[in-house]
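Step one of this worksheet: look at the structure below.
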Amino acid sequence: MLSWAITFLIIALIAGVLGFGGIASTSAGIAQILFVVFLVLFLASLLFGVVRGRRPPV
């Protein structure tokens with residue numbers, strides 16, 4: 001999912017350089033949303049990992 005955020009960020013940067021304002025703002029918005037979703041999922045998995053702890057192998 002992080003790769004999608006980076007992809008949309010690159011599209012936004014290229015569109016911004018070429019002067020396509022609407023496409024750039026849309027791509028930047030999508031990249032921001034995907035980054036926040038990625039960050040929330042990462043923090044949730046980190047929290048669940050800490051709460052569950054490590055189990056000994058059976």
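The model shown is predicted, which means the values in this text are computed figures rather than measured ones.
- We find the CG-CG distance between Leu39 and Leu43 to be 4.5 Å, quoted to the nearest 0.5 Å.
- Under a 4.5 Å side-chain heavy-atom criterion applied to ILVMFWY residues, the cluster that includes Val36 comprises Val40 as well.
- The aromatic rings of Phe35 and Phe38 sit tilted relative to each other, their planes meeting at an angle between 30° and 60°.
- Note: Gln32 CD to Ser27 OG = 11.5 Å, rounded to the nearest 0.5 Å.
- In terms of the side-chain contact (heavy atoms from CB on, under 4.5 Å) criterion, residue partners of Ala15 (sequence neighbours excluded) are, by chain and number, Phe20, Ile23, Ala24.
- Taking CG of Leu13 as the start and CG of Leu9 as the end, the distance is 4.5 Å to the nearest 0.5 Å.
- Transitive grouping of hydrophobic side chains (ILVMFWY, heavy atoms separated by less than 4.5 Å) brings Ile10 and Leu18 into a common cluster.
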